[in-house]
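Please read the structure below before turning to the comments.
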Amino acid sequence: MSAQPMHIHPYERNWMVFSAVMLVLFATAVSVAAFGMGIQVPAPEQRVDPRIVATDPNSPWSNPGLREVSPGKYDAYILAHAIPVWEYLPKEITVPAGSSVSFYVTSSDVQHGFKIQDTNANFMVIPGQVSKLTIKFNKPGTYNYICTEYCGSGHGIMYGAIIVTP
Ligand code: CUA
């Protein structure tokens with residue numbers, strides 16, 4: 001058998017070139033977004049023990065709520081649970097307009113979601129893990145947060161509110 005020079009149909013070659021170019025474009029877009037523009041997906045901030053996260057006195061979620069870390073900057077520790085009832089703790093937080101709030105959200109039982117209306121915050125809340133995202137609230141108003149992962153019969157009533165005062 002003699003070796004034949006490999007023949008590639010022009011259509012096939014064009015698609016191969018197109019695919020290679022697209023891969024380079026995607027890799028460039030992701031790299032620019034991540035390293036150039038600092039766009040990050042909500043990262044697992046830390047691990048916690050979901051069995052004690054709501055009761056351990058050393059756990060910030062044993063006393064969930066807002067902490068002012070510096071003028072205009074807040075940490076919000078939010079606990080999601082289905083037991084004994086479907087709710088977030090706290091149900092409501094109030095900050096002045098212009099505040100930057102870092103949300104630390106975890107669950108003491110099943111998987112929940114956390115979406116803040118009129119913002120791009122929308123992430124999963126996974127037992128054993130802390131989800132963190134920082135949002136700046138410039139416009140006064142009420143921003144509801146709702147559960148976006150089906151978590152049982154009370155899923156539909158699981159919500160809270162961020163009140164941004166002028
Ligand atoms: Cu919590 Cu759905």
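Both counts, for ligands and for their atoms, begin at 1 and track the order of listing.
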Quiz item: Do Tyr145 and Ile126 belong to the same hydrophobic cluster, where Ile, Leu, Val, Met, Phe, Trp and Tyr are linked whenever their side-chain heavy atoms lie under 4.5 Å apart, directly or via other members?
Solution: no
Exercise. Group every Ile, Leu, Val, Met, Phe, Trp and Tyr by side-chain heavy-atom contacts under 4.5 Å, then state whether Met124 and Ile78 land in the same group.
Key: no
Quiz item: Can you name the residues that form a salt bridge (charged side-chain N to carboxylate O under 4.0 Å, His left out) with Lys91, not counting sequence neighbours?
Solution: Glu87
Quiz item: Where does the angle between the aromatic ring planes of Phe114 and Phe103 fall among parallel (under 30°), tilted (30 to 60°) and perpendicular (over 60°)?
Solution: tilted
Quiz item: Does any non-hydrogen side-chain atom of Trp86 lie less than 4.5 Å from one of Ser153?
Solution: yes
Quiz item: Checking Trp61 side chain against Ile52 main chain: does a donor-acceptor pair fall under 3.5 Å?
Solution: no
Self-check item: Environment of atom 1 (Cu) of ligand 1 in terms of protein N/O/S atoms, cut-off under 2.8 Å
Solution: His112 ND1, Cys147 SG, Cys151 SG, Met158 SD
